[in-house]
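Written below as structure tokens is the structure these notes are about.
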Amino acid sequence: MGGAVIMRNVTKRFKSVTALSGVSFESRNGINILLGPNGAGKSTLLKCIAGLYHIDHGSVRVLGKDPYYSNEIRYKLGMLSDNYALYDYLSVRENLLFFGRLFRLTRTATLERARRVLKRLNALKFIDSKVYALSRGTKQKVAFCRTVLNDPDVLLLDEPTAFLDASSSAQIRDFMEEYKAHGKTVIFVTQKLDEVMRFDARLSILKGGRLVSDTKTYSLYNSVLRNFQVNIRFSKPVPALRLKKLGITLVNPSAEMVNYVTVRIRHYKDVNRILRKFISSGIYILSVDYLEPLLTSLSD
Amino acid sequence: MEIQKSFAVAKKDIREVFSSISIFGPMFGIPLAFSALLPIFSLYIAINEAPSIALAINLSGVSQALPFFKNIAFMTYFSINVLGPIFMTMPIVTSGVIAADSFAGEKERRTAESLLLSPVTKSELLLGKILATFIPAVLMTFAAFAIYGAIVNILSYAYFGAYILPTLSWLTMLGAVPLLALAPISLVVLISSRVKGIKEAQQLTSLLVLPLLILPFSSLLGLANLTVVFLLELIASLVIIDLILFYVSVATFKREALI
């Protein structure tokens, strides 16, 4: 049986700009991650799957139907876009009841589901607040709640944790894992490598409107990411001279003491080698973080 | 077509309009204030200026009336043939703001996306948007008719000892109100779905108001006689126009244009 979402040779243009160029993609049950830098065409791809855009060439099928024309398919689809698309002058409850009605849900069913989701995201206390009064993070939680109101079979998420705190982000990831456990399809767009590495999932990399790689999240560093940077933070300031003796190039060469260093590495195995160098010279490490901007160099 | 979805869309829009008095206050307050003031103004003219106006313009039933009855004949003519058409069109003019905002507002506030992701068909969505303007506009028109009708009767009884309203043509005018409202509202909603923003929609809406003023002005100048037959013909024509407009709106509506 094929995937819930099948795209064949899809091209989408906006006047002279080609946002997607001959993209073919078939989802698998569970979590499918689309990674790519800004302007890669990730959001456009999701909107084509959701039937918001009419494609210029190729075909899109969601559960066997064309999402642009099929109204029925929207009962089985849920999409959280990069804007929350909530009605500012209505309360959270009114917003959710409105969308519940459009999905043929009763008032009781809508509120029961809404309460369950909002409670997990620690946002139930805002249910009677007007949307305009909410913070960006809370709006995102409410928008996520609206997205899963109809318990969709195909869940499309565009940067769902962009403005959330760590605990709420973890809850959203738990939701995704639950969808996966129920054999549903989640297509999740992000440009955060940190987010990607929290999943054991299929990973597709989009760049310049084309799918350039189809891999697994855990093979990302091995097969895709080359020549990237990590920040190594020390437990206490270290004399610059000592680091120079270890062959480390400093960001600020005039500094006498440094709290952290940024090191360019060619392969993930280099991280261990460098850390060993620090440890053997008596330096204590507090944390190691890779730096995000390397997304632009994906699969070059 | 699931009509309850259209009502859900309409209810949501109406709720948004009524969430702020600064939006609905002037929109509904001004026509309702006029419905109280214009009958007083018409009584003043009927008492002081009726004979001279009847000489200058040939007004049906006024110019032919005996001098003693010229005042009440003018009051009757003015209340029905001038105030009637004014109140038929005035609420539509003011509710144009809601109609112009219907789709253009969703587009500008970037809320159209969630609406289009919901299982709502084009016809359900369009009908919902039309109802969101139509229901308050028509209810306000009925309220305006009730207020001005009551004031006309109070004043005419006090000065002439007779009630003027309701007459058959006045009641037919009331019957034509929903159909007269539907055509321009449908047109404005259609325009709103095709423009880039609210300002553009409002600009085009203001141009649409001009043809609506033909009715009260031609009646005021004695060029049109709003008889029951004329009004029934108007109703029949409006039914056809409204149906064609709705069909064209659904056929030409493009979901993608809202994003």
Side-chain angles (χ1 to χ4, degrees), chain A residues 12 14 43-44 46-56 67-91 93-107 110 130-132 142-143 146-147 149-150 152 154-156 158, chain B residues 1-25 97-98 101-103 105-129 131-132 193 196 198 250-259:
Chain A
K12 175 65 191 168
F14 296 100
S43 299
T44 305
L46 278 197
K47 285 174 183 171
C48 289
I49 297 172
L52 289 176
Y53 287 150
H54 188 259
I55 56 171
D56 296 298
Y68 188 77
Y69 294 105
S70 170
N71 197 46
E72 284 304 304
I73 207 66
R74 281 186 267 277
Y75 284 102
K76 296 173 181 175
L77 252 175
M79 178 174 162
L80 175 68
S81 65
D82 52 353
N83 79 81
Y84 317 114
L86 294 165
Y87 295 100
D88 276 346
Y89 286 93
L90 302 185
S91 68
R93 184 193 300 268
E94 287 165 342
N95 264 281
L96 297 173
L97 281 172
F98 168 61
F99 287 104
R101 272 194 292 274
L102 300 184
F103 280 98
R104 294 184 189 142
L105 293 175
T106 62
R107 184 185 170 85
T110 305
K130 297 278 186 198
V131 168
Y132 66 74
V142 175
R146 181 203 57 215
T147 306
L149 261 187
N150 57 322
V154 177
L155 183 61
L156 309 172
D158 194 347
Chain B
M1 184 158 152
E2 294 176 54
I3 196 93
Q4 67 272 26
K5 286 187 186 174
S6 302
F7 279 115
V9 172
K11 193 175 164 187
K12 184 271 294 173
D13 277 15
I14 292 170
R15 211 183 269 260
E16 276 189 298
V17 169
F18 283 89
S19 66
S20 166
I21 194 164
S22 58
I23 303 172
F24 75 85
V97 178
I98 312 177
D101 185 80
S102 59
F103 282 118
E106 297 260 9
K107 193 188 294 188
E108 212 163 278
R109 293 186 288 273
R110 299 188 70 200
T111 48
E113 210 168 275
S114 54
L115 202 54
L116 296 177
L117 285 164
S118 312
V120 190
T121 63
K122 288 198 289 185
S123 349
E124 287 160 358
L125 196 53
L126 273 160
L127 184 61
K129 290 293 183 186
L131 285 175
S193 73
K196 286 178 188 149
I198 302 169
V250 174
T252 57
F253 181 76
K254 282 186 181 154
R255 300 169 65 90
E256 194 171 351
L258 297 183
I259 300 169

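For CZ of B:Phe18, the number of neighbouring non-hydrogen atoms (other residues, nucleotides, ligands) closer than 6.0 Å is greater than 12. Applying the 6.0 Å contact sphere to OH of A:Tyr89 captures no more than 12 heavy atoms from other residues, nucleotides or ligands.
Of residues 252-259 of chain B, those residues with a non-hydrogen atom less than 4.5 Å from any non-hydrogen atom of chain A are, in numerical order, B:Arg255, B:Glu256, B:Ile259. For residues 107-115 of chain B, the interface with chain A (any heavy-atom pair closer than 4.5 Å) comprises B:Arg110, B:Thr111, B:Glu113, B:Ser114, B:Leu115, sorted by residue number. Contacts of residues 116-126 of chain B with chain A at a heavy-atom distance below 4.5 Å involve B:Leu116, B:Leu117, B:Ser118, B:Pro119, B:Val120, B:Thr121, listed in sequence order. Residue-level contacts of residues 5-15 of chain B with chain A, in order of numbering, are B:Lys5, B:Ala8, B:Val9, B:Lys11, B:Lys12, B:Arg15; threshold 4.5 Å between heavy atoms.
Contacts between B:Glu106 and chain A at a heavy-atom distance below 4.5 Å involve the side chain alone, from C-beta outward. For A:Glu94, the part lying under 4.5 angstrom from a heavy atom of chain B is the side chain only. Within the 4.5 angstrom heavy-atom criterion, only side-chain atoms of A:Leu90, from C-beta onward, approach chain B. Heavy atoms of A:Phe103 lying under 4.5 Å from chain B belong to its backbone as well as its side chain.
With chain B as the partner, the residue from A:Tyr84, A:Tyr68, A:Phe98, A:Tyr53 showing the most heavy-atom pairs under 4.5 Å is A:Phe98.
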| query | Passes side chain to side chain contact (heavy atoms under 4.5 Å, CB included), A:Arg104 versus B:Gln4? Steps please. | reply | CA-CA 9 Å; A:Arg104 294 184 189 142; B:Gln4 67 272 26; 5.9 Å; no
